[in-house]
Amino acid sequence: MLFDSTLSLKHNVQIMKARNFRYIRPDSLQHAYRILEENGGDAVPIAGGQSLLAGLNMRLSAPKLLVDIGGLKELAGQSQRDGTIRLGALTRHGELLQSDLVRKQLPLLAQAAAHIGHVAIRNRGTLGGSLAYADPAAELPACSVALRATLVLGSAAGEREVKAEDFFKGLFETDLRPGELIVAVKFPAPQANTTAGFAELARRRGDFALVGLAAMVSARRDRIEGARLVYFGCVDRAKVAASVSVAVSGLAMPVLDTAAFEREIRQDLTPDDTPGLRAETKLHMATVLTRRVLNSLVMQAAS
Amino acid sequence: MTDLVGHEDVDIEATLNGKPLKRRVKARQHLADFLRQELELTGTHLGCEHGICGACTVLIDGRSVRSCLTLAAQISGKSVDTIEGLSQSGRLADLQKAFIERNAAQCGFCSSGMLLTAYELVSTGEAASRAEIREYLSGNMCRCTGYHAIIDAVEAVIAARTAGARQS
């Protein structure tokens, strides 16, 4: 995200301002659905706006209408029922860090939220917004896949549910249809013997990850029994690494040698070279992160 | 008839620095430009305009936010505090004094954002380690790189406030 200030001065234009758009604040979720239906692709929902408004300021996108869903009570709140934790789409990143329910039942989300931007960003950015934006390097899409979450999507036609793993279709692409919103995310309560592990490498604290890993691992004594490893920042979406997950199962902890899963990482992850970061480097980082996350679980178990 | 199309001008009612505010704002105008250009409250600075630098930090309902990543239209029904209001009310006085004593403001561009983020931290009333202060302020850039002095100042205020709270 580079902004050429000399260009702006030379041409005497302010390119850090959003294009003109209309704004509406619906009174209810049904009202929001009707607005989205009426305006089709011209309308974009805004909640926390921490990615959207940066993009508008840089004129990366120019929607005709912003639909401010930030005040809709139907999209807020957290609850638990019959082993399912339901987080409203408007749950803010800061709430993930502070909520007792999340910290106790879904510690992966609390661990991940600490890496999202900075405090002022976490005060506004939302769970639903992060999932809908589907940045391949974002933390929460990967966590929702690792936790086998289900997204509740709503529109004027009613609600439907989609598994997180099927929701992310590619670079900034999701299964959301025109007129649809994320209403809530449902997480099955993890089983008692599973532990959450999370790590990412970023150039600076708060930046998007170069490579990251969200993991749910079950272990007995010093041996890994099963794992669900989801890498982000590597390919065009949060990626479940099925072969790596199998390869690490049965390993004794601490994991000192990465040879047991290096081949599988190359099998599951096929990153492209990007400016300043070669694919080979990403694969190396993914290997290092895997060892770090698995060994952090030993530390957690010991404490 | 229910509005389904929205408007380019939006009526807002909010509280700004403790006083009621009623205005018609441009939908596309972010809060920082609204404060600086329409209300002439230029204490809120504007650096990168995409949420990286933290210079434009203000408080909405007591929580720090980037005013470049918030639309003026979004503050309706909310309470906004800027450096001007917090200075005049004296609520920032101990932080400002500590910043001056430790030369934590050099060119001053980042100072209002630093002070507001620090204010949110010290207002929790909880002790914070140097590492926690550093982490809390990590979203505010200082291009004079006077970070140590800033962290020193915040550390001193937290120590004084928590000591005061223990005594009372």
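Side-chain atoms are counted along with the backbone in the values below, which use heavy atoms only and exclude waters and symmetry mates. Each chain gets a letter, A, B and so on, in the order its sequence line appears, and its residues count up from 1.
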Within this structure, what is the CD-CG distance for the pair B/Q29 and A/N20, rounded to the nearest 0.5 Å? 11.0 Å
Measure B/V65 against the heavy atoms of chain A and call it side chain, backbone, both or neither at under 4.5 Å. both
Part of A/E38 lying under 4.5 Å from any heavy atom of chain B: side chain
Kindly compute the distance separating CD1 (B/I52) from CD1 (A/I121), expressed to the nearest 0.5 Å. 7.0 Å
Under 4.5 Å from a heavy atom of chain B, the part of A/L52 involved: neither
Could you check which of B/G77, B/G51, B/G139, B/S76 has the highest count of heavy-atom pairs closer than 4.5 Å to chain A? B/G139
Hey, are the side chains of A/L66 and B/L71 touching, using non-hydrogen atoms and a 4.5 Å cut-off? yes
I want to check something: taking the side chain as every heavy atom from C-beta on, are B/Y136 and A/H118 in contact at a cut-off of under 4.5 Å? no
Flag yes if more than 12 heavy atoms outside A/R103 fall under 6.0 Å of its CZ atom; otherwise flag no. no
Enter the distance from B/R66:CZ to A/R124:CZ here, rounded to the nearest 0.5 Å. 12.5 Å
So, taking the atom named CG in A/N57 and the one named CG in B/L69, what distance separates them when rounded to the nearest 0.5 Å? 6.5 Å
Pair count under 4.5 Å, heavy atoms only, with chain A: among B/V5, B/L59, B/N140, B/L4, highest is B/L4
Contact part of B/T70 toward chain A, heavy-atom cut-off under 4.5 Å: side chain, backbone, both or neither? both
Please report the C-alpha distance between B/E120 and A/V119 in whole Å, then the side-chain angles of each, then the deciding distance to 0.1 Å, and finally whether the side chain to side chain contact (heavy atoms under 4.5 Å, CB included) criterion is met. CA-CA 10 Å; B/E120 185 185 37; A/V119 61; 3.8 Å; yes
Heavy-atom donor-acceptor pair, A/R22 side chain to B/D9 backbone, under 3.5 Å: no
Does the side chain of A/K17 reach to within under 4.5 Å of the side chain of B/D33, using non-hydrogen atoms? yes
I'd like to know whether CZ of B/R134 has more than 12 heavy-atom contacts from other residues, nucleotides or ligands below 6.0 angstrom. no
Which bit of A/R19 comes within less than 4.5 Å of chain B, counting heavy atoms only: side chain, backbone, both or neither? backbone
So do B/Q74 and A/I46 actually touch side chain to side chain, heavy atoms under 4.5 Å? yes
Interchain contact, A/L36 with chain B, by part (heavy-atom threshold 4.5 Å): neither
Heavy atoms only: give me the nearest A/I24-B/D3 pair and the separation to one decimal. CD1-O, 3.3 Å
Working to the nearest 0.5 angstrom, can you tell me the gap between A/M16 CE and B/C68 SG? 7.5 Å
Heavy-atom closest pair (A/F21 atom, B/R28 atom, distance to 0.1 Å) is CZ-CA, 3.4 Å
If you round to the nearest 0.5 Å, how far is NE2 of B/H50 from CE of A/M58? 5.0 Å
Quick check: are there more than 12 heavy atoms from other residues, nucleotides or ligands sitting under 6.0 Å from CZ of B/R102? yes
